[in-house]
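One structure below.
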Amino acid sequence: MSKTYTLAEVGKHNTEESLWFVIDSKVYDVTDFVDAHPGGESVLRQVAGKDATVAFYNLHRHEVLSKYEDLCIGTLEGEKPQVVTPKPGDLSLVPYAEPLWLSPVYKSPYYNESHRRLQKAMRVFTDTYVTPEAQQRELDGKKISQELVDRMSAVGLLHMRLGPGKHLHGVNLLDGAVKGEEFDYFHDLIMSQEGVRANARGFQDGQLAGMVIGLPCVMNYMKDQKRKKAIMDEVFSGKKYMCLAITEAFAGSDVAGLRTTATKTPDGKHYIVNGTKKWITNGVFSDYFITGVKTEKGLSVLIIERGEGVETKPIKTSYSPAAGTAYITFDNVKVPVENLLGEENKGIYVILSNFNHERWTMACATIRQCRTIVEECLKWSHQRLVFNKRLIEQPVIRQKLAKMIALVESNQSWLETITYQMCNMPYKQQAQHLGGPIGLLKMSITRAAHEIADEAVQIFGGRGLTQSGMGRVVEMFHRTYKFDAILGGSEEVLADLGVRQAMRQMPNAKL
């Protein structure tokens with residue numbers, strides 16, 4: 001049982017020899033901490049012997065208190081802490097911080113109990129295991145630890161990130177939260193949205209995003225079934241890493257402009273691959289490269305193993321090196337013809353086959369990140385004092401928040417509508433009807449991210465430009481949201497795709 005003190009008792013400890021203060025009904029003795037305080041000694045002297053709750057939350061995030069909980073010596077007599085301290089798995093009580101289906105007062109036709117079980121299990125896993133490592137790796141730039149990869153593999157997270165399918169059947173998914181046979185695209189949506197709550201954009205891609213967009217090419221197009229199973233087992237177990245190597249300095253969205261070549265040997269048993277790839281996520285540490293190449297009469301896709309003639313170099317980008325973004329050189333790499341995925345010269349179908357799911361997954365993630373920024377801004381505007389008023393009391397701030405909330409909720413609703421179609425259309429129909437809508441959805445969400453990032457920095461001011469402290473989440477989002485506007489197809493390309501697909505359905509209608 002912790003000791004209790006009156007405010008009068010705390011007030012006596014305001015000297016050089018003894019410095020106490022109160023934060024949210026808890027009494028802290030910082031006498032021996034004064035010299036080590038990152039913000040300097042004078043700040044602490046100003047609140048010595050007083051209730052420093054308002055002053056503290058005007059400068060610090062709540063999580064700082066858990067870092068220094070050993071300085072807490074008791075509580076104020078007759079009082080209890082009022083500030084919510086979330087535990088792993090908890091839902092946020094801040095309005096609009098969670099999608100409406102997770103709010104008790106709202107109903108949704110899309111989610112059942114298995115979705116709720118998965119959401120709870122995934123949030124506990126993310127809060128407990130992913131977030132601590134993500135924050136550390138985002139700063140030091142190192143790749144994801146094998147320990148975390150092994151842990152993710154053991155509970156089926158790597159399997160689930162590829163979406164519904166037979167690869168999930170019979171697999172332990174988060175200790176039975178959902179059965180592989182019942183896993184649908186709303187489960188997939190939950191995995192995407194819960195997985196990005198660690199708020200570490202570089203690590204987010206470093207968390208084997210290359211596998212998510214690369215392995216489906218093997219699953220769906222590798223002809224040698226025995227070899228396919230072996231590769232899938234290696235990757236799903238976390239023993240081997242994979243990336244999708246399509247983009248070059250010469251060609252991004254223009255896939256037909258690739259210059260990496262694959263020339264067959266005279267005996268027809270191998271391809272000799274020469275060329276380069278750029279901005280390849282996870283390329284720095286990958287063992288397998290799903291590679292777009294030019295063959296004799298068109299585009300083909302090969303699975304290339306790291307080995308002689310394959311060299312990878314890290315590329316510095318706006319987010320953390322934890323993503324493993326690489327420049328890849330293929331120098332006379334000898335690749336068995338059995339490593340061809342799909343048909344020779346028809347690789348465009350292999351590449352396009354996973355675009356819808358990749359773009360949809362990115363849309364899921366981006367709108368969840370936007371929602372986190374809304375939560376950050378709502379919290380900050382309620383605790384920040386300016387001109388003797390809370391920020392939330394300024395009409396201009398409320399207007400910014402209204403705009404941000406509306407963008408998040410409208411795009412989440414559109415996302416769920418498209419997800420419902422995905423659950424009720426076979427793959428062929430999805431490919432035929434959803435390419436345009438998903439492209440427009442991703443464009444809409446990344447445009448929303450642009451607006452939300454801009455408004456958030458205005459709300460946070462200088463803190464929104466600082467990589468630590470109160471505005472660190474906003475700063476990270478503002479610095480990295482553009483990745484989702486470029487990767488997987490730029491906004492302009494996807495917008496044009498959406499309209500062109502609509503044009504194909506256009507009747508001979510007149511005004």
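This one's a predicted model, so the numbers in the text were calculated from it and none came from an experiment.
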- Does Ser114 reach the side chain of Phe183, with side-chain heavy atoms less than 4.5 Å apart? no
- Query: Does the Tyr185 side chain pair with the main chain of Ile418, one donor and one acceptor, at a distance under 3.5 Å?
  - Reply: no
- Query: Can you find a side-chain donor-acceptor pair between Ser444 and Asn411 that sits under 3.5 Å?
  - Reply: yes
- Message: Among residues at least two apart in sequence or on other chains, which ones pass side-chain hydrogen bond (donor to acceptor under 3.5 Å, both in side chains) with His169?
- Response: none
- Message: Among residues at least two apart in sequence or on other chains, which ones pass side-chain hydrogen bond (donor to acceptor under 3.5 Å, both in side chains) with Glu138?
- Response: none
- Query: Is there a side-chain contact between Ser353 and Tyr427, using heavy atoms and a 4.5 Å cut-off?
  - Reply: yes
- Can you tell me if Thr128 uses its side chain to pair, donor with acceptor, with the backbone of Phe125 under 3.5 Å? no
- Item | Under the salt bridge (charged side-chain N to carboxylate O under 4.0 Å, His left out) test, residues paired with Glu358 that sit two or more places apart | none
- Task: Take Leu340 and Ser300, measure what side-chain contact (heavy atoms from CB on, under 4.5 Å) needs, and give me the verdict at the end.
- Result: CA-CA 8 Å; Leu340 177 69; Ser300 300; 4.0 Å; yes
- Item | Side-chain heavy-atom pair Leu215, Tyr288 within 4.5 angstrom cut-off | no
- Query: Can you find a pair of side-chain heavy atoms, one from Arg306 and one from Thr312, that are under 4.5 Å apart?
  - Reply: yes
- Message: For the NZ atom on Lys143, are there more than 12 heavy atoms of other groups (residues, nucleotides or ligands in this structure) within a distance under 6.0 Å?
- Response: yes
- Message: I need the minimum non-hydrogen distance between Glu248 and Arg259, along with the two atoms involved.
- Response: OE1-N, 2.8 Å
- Indicate yes or no for a side-chain donor-acceptor contact from Lys277 to the backbone of Ala326 under 3.5 Å, with no hydrogens or angles considered. no
- Enter the distance from Leu407:CG to Ile452:CD1 here, rounded to the nearest 0.5 Å. 5.0 Å
- Start with the C-alpha gap between Val337 and Tyr271, add the side-chain angles, then the distance that decides, and say whether side-chain contact (heavy atoms from CB on, under 4.5 Å) holds. CA-CA 6 Å; Val337 292; Tyr271 292 99; 3.9 Å; yes
- Message: One thing to verify: whether Asp233 and Lys229 come together as a salt bridge, which I'm taking to mean a side-chain N less than 4.0 angstrom from a carboxylate O.
- Response: yes
- Task: Name all pairs fulfilling the ring-ring contact (aromatic ring centres under 6.0 Å, His included) condition that reach into residues 292-333, sequence neighbours left out, sorted by first residue then second.
- Result: Tyr319-Phe483
- Answer yes or no: are there more than 12 heavy-atom neighbours, outside Glu147 itself, under 6.0 Å from its atom CD? no
- Within 6.0 angstrom of Gln429 CD, more than 12 heavy atoms from elsewhere: yes
- Message: Just checking Lys240: does its NZ atom have more than 12 heavy atoms from other residues, nucleotides or ligands closer to it than 6.0 angstrom?
- Response: yes
- Message: Exactly one of Arg371, Glu409, Glu455 should register a side-chain contact (heavy atoms from CB on, under 4.5 Å) with Met404. Which one does?
- Response: Glu455
- Modelled atom types, side-chain donor and acceptor of Glu344 and Thr295, under 3.5 Å: no
- Item | Shortest non-hydrogen contact from Arg123 toward Asp90 | NH1-O, 3.2 Å
- Query: With the threshold set at 4.0 Å, does a side-chain nitrogen-carboxylate oxygen contact exist between Arg197 and Asp127?
  - Reply: yes
- Task: Taking all non-hydrogen atoms of both residues into account, name the closest pair between Pro88 and Val124 and its distance.
- Result: O-CG2, 4.0 Å
- In short, Leu302 meets Val273 closest at the heavy-atom pair CD1-CG2, 3.7 Å
- Message: Is there a side-chain contact between Asn354 and Leu244 in this structure, where contact means two heavy atoms from C-beta onward sitting under 4.5 Å apart?
- Response: no
- Message: Donor-acceptor pair, distance only, cut-off 3.5 Å: does the side chain of Glu305 make one with the backbone of Asp287?
- Response: no
- Roughly how far, to the nearest 0.5 Å, is OG1 of Thr325 from CG of Leu487? 8.0 Å
- Quick one: CD1 on Ile303 to OH on Tyr221, what's the gap to the nearest 0.5 Å? 15.0 Å
- Task: Using the six-membered ring wherever Trp is involved, compare the ring planes of Tyr111 and His115 and label them parallel, tilted or perpendicular (cut-offs 30° and 60°).
- Result: perpendicular
- Message: I'd like to know if the side chain of Lys294 and the backbone of Thr261 have a donor-acceptor N/O pair within less than 3.5 Å.
- Response: no
- Message: Can a donor-acceptor pair be found, under 3.5 Å and without considering hydrogens, that links the side chain of Glu475 to the backbone of Thr466?
- Response: no
Got a list of side-chain donor-acceptor pairs under 3.5 Å for residues 151-164, not counting sequence neighbours?
from: Ser153; atom 1: OG; to: Phe236; atom 2: O; distance (Å): 2.7
from: Arg161; atom 1: NH1; to: Gln207; atom 2: O; distance (Å): 2.3
from: Arg161; atom 1: NH2; to: Gln207; atom 2: O; distance (Å): 3.4

- Item | Between Asp331 and Thr329, a side-chain donor and acceptor under 3.5 Å | no
- Test side-chain contact (heavy atoms from CB on, under 4.5 Å) applied to Ser145 and Glu133, step by step: CA-CA 8 Å; Ser145 71; Glu133 175 163 332; 2.7 Å; yes
- Would you mind reporting whether Phe477 and Arg201 have side-chain heavy atoms less than 4.5 Å apart? no
- Item | Whether Lys403 side chain and Glu451 backbone form a donor-acceptor pair below 3.5 Å | no
- Query: Nearest 0.5 Å, what's the CZ-NE2 distance between Arg117 and His187?
  - Reply: 7.5 Å
- Between Phe203 and Arg137, is there a cation-pi geometry (under 6.0 Å to ring centre, at most 45° from the normal)? no
- State the OG1-CZ distance between Thr317 and Arg479, to the nearest 0.5 angstrom. 9.0 Å
- Message: Does Glu343, at its CD atom, have more than 12 non-hydrogen atoms belonging to other residues, nucleotides or ligands within less than 6.0 Å?
- Response: no
- Determine the minimum heavy-atom distance between Trp279 and Ala249, stating which atoms define it. CZ3-CA, 4.2 Å
- Message: With a 3.5 Å distance limit and no angle check, can you tell me whether Glu98 reaches the backbone of Ser92 through a side-chain donor-acceptor pair?
- Response: yes
- Query: Any donor and acceptor pair, going by atom type alone, linking the side chain of Thr366 with main-chain N or O of Ala363 inside 3.5 Å?
  - Reply: no
- Indicate whether any N or O donor in one side chain lies under 3.5 Å from an N or O acceptor in the other, for Arg227 and Asn339. yes
- Message: So which atom in Gly298 and which in Asn345 form the shortest heavy-atom distance, rounded to 0.1 Å?
- Response: N-OD1, 3.1 Å
- Query: Roughly how far, to the nearest 0.5 Å, is the CG atom of Leu174 from the NZ atom of Lys120?
  - Reply: 13.0 Å
- Query: Are the side chain of Asn282 and the backbone of Ala209 linked by a donor-acceptor contact shorter than 3.5 Å?
  - Reply: yes
- Item | Check: Gln412/Gln193 side-chain N/O donor and acceptor closer than 3.5 Å | yes
- Message: Can you confirm whether more than 12 heavy atoms, excluding those of Tyr110, are under 6.0 Å from its OH atom?
- Response: yes
- Message: Run the side-chain contact (heavy atoms from CB on, under 4.5 Å) test on Phe186 and Glu416 for me, step by step, so that the C-alpha distance in whole Å, both residues' side-chain angles and the decisive distance to 0.1 Å come before the verdict.
- Response: CA-CA 8 Å; Phe186 280 102; Glu416 290 177 348; 4.2 Å; yes
- Task: Find out whether the Lys NZ or Arg CZ of Arg359 is both under 6.0 angstrom from the six-membered ring centre of Phe355 and within 45° of the ring's axis.
- Result: yes
- Note on the structure: Sequence neighbours excluded, the answer for side-chain hydrogen bond (donor to acceptor under 3.5 Å, both in side chains) partners of Gln146 is Asp150, Tyr241
